[in-house]
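In what follows, a single structure is set out as structure tokens and then discussed.
Keep in mind the model is a prediction, meaning the values are calculated, not measured. Below, chain A is the first sequence line, B the second, and so on; all start at residue 1.
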Number of protein chains: 2
Amino acid sequence: MSGKEIRRSMPLFPIGTVMQLTELTARQIRYYEEHQLISPARTDGNRRLFSLNDIDSLLEIKDLIDQGVNMAGIKQLFLVKEQQSNVVQQQAEKAKQELSDEQLRNLLRHELQQAGRFNRSSLRQGDMSRFFH
Amino acid sequence: MSGKEIRRSMPLFPIGTVMQLTELTARQIRYYEEHQLISPARTDGNRRLFSLNDIDSLLEIKDLIDQGVNMAGIKQLFLVKEQQSNVVQQQAEKAKQELSDEQLRNLLRHELQQAGRFNRSSLRQGDMSRFFH
DNA sequence: AAAAACATGTTAGAAAACCTAACATAGGAT
DNA sequence: ATCCTATGTTAGGTTTTCTAACATGTTTTT
């Protein structure tokens with residue numbers, strides 16, 4: 001939960017770069033922040049600095065908007081997704097301590113079915129990979 | 001030669017971000033550019049925009065300077081390294097068309113020995129990985 | 001149908017970040 | 001003792017970003 005995430009959440013990009021990367025206007029990006037769909041960091045001088053995670057989120061937002069989802073909908077989706085990944089994570093952790101290998105396999109299989117039924121769009125994530133490597 | 005490189009050479013970061021990432025001053029970064037060790041892109045408004053490759057180069061420059069190498073030395077090292085990778089690349093390409101598998105294996109073995117003897121520091125490259133993933 | 005809400009555009013004024021160019025300087029090299 | 005190298009510092013100018021406000025075309029609600 002730290003090694004990888006610390007880096008992808010590192011504030012690196014000014015809004016201009018993000019505009020190009022996402023093809024969103026500054027207005028749109030700020031509006032989505034206003035509605036708490038993202039929370040970019042700030043420099044000492046109050047300029048926004050976006051992380052790779054922020055950009056992933058923005059690309060996802062753009063996608064959802066194209067599909068007619070409104071702010072409230074997107075917020076809910078993000079919430080649920082966060083919860084889900086928390087659940088999966090915590091349970092995986094709990095499982096590691098408490099369960100036998102056999103039991104663990106069963107649990108994971110269940111979780112994954114759940115995710116597949118619902119979390120659909122999370123498979124399209126990590127879109128930033130299109131910019132690097 | 002295109003897929004990966006296009007992305008790592010994508011102009012993304014303003015100088016402020018690069019300063020933090022590399023712990024170099026703006027003066028240093030501009031000075032290295034002046035000596036053509038890097039060539040960051042520019043925005044329409046003439047602001048520098050650095051790529052991941054630029055940052056890799058800067059980290060390498062910093063390293064070499066710590067080891068007492070001066071501008072001229074670094075320039076030469078970069079030149080040789082670029083040539084080398086060109087040679088390896090071209091020969092690999094030529095080889096793919098002209099040589100048998102057996103011959104190809106021999107050639108690559110040779111090239112790699114060469115590289116190992118000389119290109120040493122290139123193994124420490126791709127340092128940006130420390131910031132992501 | 002009128003009013004309200006939503007998502008985005010546009011504008012204005014201010015502040016931050018960056019630019020180039022010039023001069024300053026400590027430490028090595030000649 | 002002088003010159004060169006790498007970097008610091010300063011000044012004046014330009015670009016980018018900020019917030020806040022008002023404008024506008026679409027949907028929703030009433």
Would you indicate, yes or no, if dA16(C) has its OP1 or OP2 atom less than 4.0 angstrom from a side-chain nitrogen or oxygen of T43(A)?
-> no

According to a strict under-4.0 Å criterion, is R48(A) in side-chain N/O contact with OP1 or OP2 of dT19(D)?
->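 Yes.
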
What is the separation between atom [atom1] on [X] and atom [atom2] on [N], rounded to the nearest whole Å?
X: I29(A); N: dT17(D); atom1: CD1; atom2: P; answer: 10 Å
X: I15(A); N: dA16(C); atom1: CD1; atom2: C1'; answer: 14 Å
X: N46(A); N: dT19(D); atom1: CG; atom2: P; answer: 5 Å
X: L37(A); N: dC6(C); atom1: CG; atom2: P; answer: 13 Å
X: E33(B); N: dT20(C); atom1: CD; atom2: C1'; answer: 12 Å
X: D44(A); N: dA16(C); atom1: CG; atom2: P; answer: 10 Å
X: R30(A); N: dT17(D); atom1: CZ; atom2: C1'; answer: 6 Å

Are any of the side-chain heavy atoms of L37(A) and K75(A) separated by less than 4.5 Å?
-> yes

Taking atom CG of D66(B) as the centre, report whether more than 12 heavy atoms of other residues, nucleotides or ligands fall under 6.0 Å from it.
->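 Atom CG in D66(B) is crowded, with more than 12 foreign heavy atoms closer than 6.0 Å.
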
Is it the case that D54(B) and S57(B) place a side-chain donor and acceptor less than 3.5 Å from each other?
-> no

Look at the side chain of R47(B) against the base of dC19(C) and say whether a donor-acceptor pair falls under 3.5 Å; ignore hydrogens and angles.
->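 Counting by modelled atom types and ignoring angles, no donor-acceptor contact under 3.5 Å is found here.
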
Does the pair F13(B) and T17(A) meet the rule for a side-chain contact (heavy atoms from CB on, under 4.5 Å), with working shown?
-> CA-CA 8 Å; F13(B) 309 100; T17(A) 296; over 6 Å; no

I38(B) reachable from I55(B) in the ILVMFWY side-chain graph, under 4.5 Å edges | yes

Could you list all N or O pairs between the protein and nucleotides 6-11 of chain D that sit under 3.5 Å apart?
from   : atom 1 : to     : atom 2 : distance (Å)
dA6(D) : OP1    : M71(B) : N      : 3.0
dA6(D) : OP2    : Y31(B) : OH     : 3.1
dT7(D) : OP1    : Q28(B) : NE2    : 3.1
dT7(D) : OP1    : Y32(B) : OH     : 3.2
dT7(D) : OP2    : Y32(B) : OH     : 2.9
dT7(D) : O4     : R27(B) : NH2    : 2.9
dG8(D) : OP2    : T25(B) : OG1    : 2.7
dG8(D) : N7     : R27(B) : NE     : 3.1
dG8(D) : O6     : R27(B) : NE     : 3.3
dG8(D) : O6     : R27(B) : NH2    : 2.7
dT9(D) : O4     : R27(B) : NE     : 3.4

Out of curiosity, R7(B) CZ to L12(B) CG, how far, rounded to the nearest 0.5 Å?
->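 Answer rounded to 0.5 Å: 11.5 Å.
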
